[in-house]
Amino acid sequence: MANNALGTGGNLMLALKTRMHWHQSRQKVLAENVANADSPGFRPMEVKAPAIGTGQASVGLALTSAGHMDLSTRAGGFDDKRAQRFETTPSGNAVNLEDEMSKVAQNQSDYQLAASLYSKGLGLMKIAIGKGR
């Protein structure tokens, strides 16, 4: 059982590491979008999020009462796709600085969360093998 827990912890650490690398790459792309906000014909770019946890069991919300909403069906008028903004300047530039700066701030916050979880996970693994505290 301890071996299974360590394997799960290793998968979690790998997922966090992958997520941190993605946030680093995304931060670079977002910074380039902001830097080219005045470049004629520039189109903002985005980095596709990594597929973490494919083929593994996922954690979901459980309906514990008939009055709870079932979010797995995407019913009730909820749209999980964000509306895209289509603003292009006369020079052909499509960078929206408000959107890009919002993405930069959210990306930084998400990276800090992943880094903090990664650090705590390493600390727990060190304690588990007797080298930490």
Side-chain angles (χ1 to χ4, degrees):
M1 183 163 171
N3 189 18
N4 186 20
L6 186 57
T8 303
N11 290 340
L12 176 63
M13 298 303 287
L14 181 61
L16 286 170
K17 189 175 181 181
T18 301
R19 195 70 177 182
M20 288 189 313
H21 285 291
W22 176 75
H23 283 298
Q24 289 172 342
S25 299
R26 186 171 189 232
Q27 192 71 15
K28 180 181 178 196
V29 169
L30 293 173
E32 288 174 2
N33 289 347
V34 171
N36 288 296
D38 291 330
S39 299
F42 184 81
R43 302 274 183 215
M45 293 182 274
E46 183 61 85
V47 178
K48 184 178 177 182
I52 297 176
T54 54
Q56 298 176 4
S58 63
V59 177
L61 297 175
L63 292 174
T64 57
S65 171
H68 291 169
M69 292 173 48
D70 183 9
L71 297 179
S72 64
T73 61
R74 304 277 185 220
F78 291 107
D79 185 8
D80 59 333
K81 296 179 183 174
R82 301 183 86 179
Q84 296 292 322
R85 295 180 114 181
F86 297 102
E87 296 178 10
T88 305
T89 63
S91 68
N93 188 298
V95 176
N96 183 324
L97 281 175
E98 290 177 12
D99 287 346
E100 295 303 313
M101 294 307 291
S102 176
K103 290 177 189 177
V104 166
Q106 185 63 48
N107 190 61
Q108 180 182 5
S109 177
D110 292 345
Y111 177 84
Q112 288 174 344
L113 174 63
S116 176
L117 290 171
Y118 187 81
S119 176
K120 297 288 183 184
L122 284 178
L124 289 173
M125 285 186 181
K126 286 180 182 178
I127 290 171
I129 61 173
K131 295 203 178 218
R133 176 69 212 245

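- For A94 against T88, the heavy-atom pair with the smallest separation is CB-OG1, 4.0 Å.
- Of all heavy-atom pairs spanning L16 and Y118, the tightest one is CD1-N, 3.7 Å.
- Between Q24 and Y111, the shortest heavy-atom distance links the atoms NE2-OH, 3.4 Å.
- L30 contributes atom CG, which lies 11.0 Å from atom CG of D99 (distance to the nearest 0.5 angstrom).
- The distance from atom CE of M13 to atom CG of L117, rounded to the nearest 0.5 Å, is 9.0 Å.
- When all heavy atoms are compared, the tightest approach of L97 to A37 is CD2-CB, 3.6 Å.
- Taking NZ of K120 as the reference point, atom CG of L122 lies at 11.5 Å (rounded to 0.5 Å).
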Query - Derivation and outcome, side-chain contact (heavy atoms from CB on, under 4.5 Å), residues E46 and R26 - result: CA-CA 7 Å; E46 183 61 85; R26 186 171 189 232; 2.7 Å; yes

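- Here NZ of K126 is found 11.5 Å from CG of L124. Values are rounded to the nearest 0.5 Å.
- With rounding to the nearest 0.5 Å, the separation of CG in N33 from CG in N93 is 9.5 Å.
- The cluster map of Ile, Leu, Val, Met, Phe, Trp and Tyr, joined by side-chain heavy atoms under 4.5 Å apart, puts M20 and V29 in different clusters.
- Between the side chain of S116 and the main chain of Q112, no donor-acceptor pair closer than 3.5 Å is present.
- Closest non-hydrogen pair, E100 versus P44, comes out as OE2-CB, 3.9 Å.
- Follow the hydrophobic side-chain contacts under 4.5 Å out from V104 and you never reach W22; the two are in separate clusters.
- Under the side-chain contact (heavy atoms from CB on, under 4.5 Å) criterion, E32 pairs with K28, N36, M45, not counting sequence neighbours.
- Taking both residues in full, the closest heavy atoms of N107 and Q27 are given as ND2-OE1, 2.7 Å, listed atom of the first, atom of the second, then distance.
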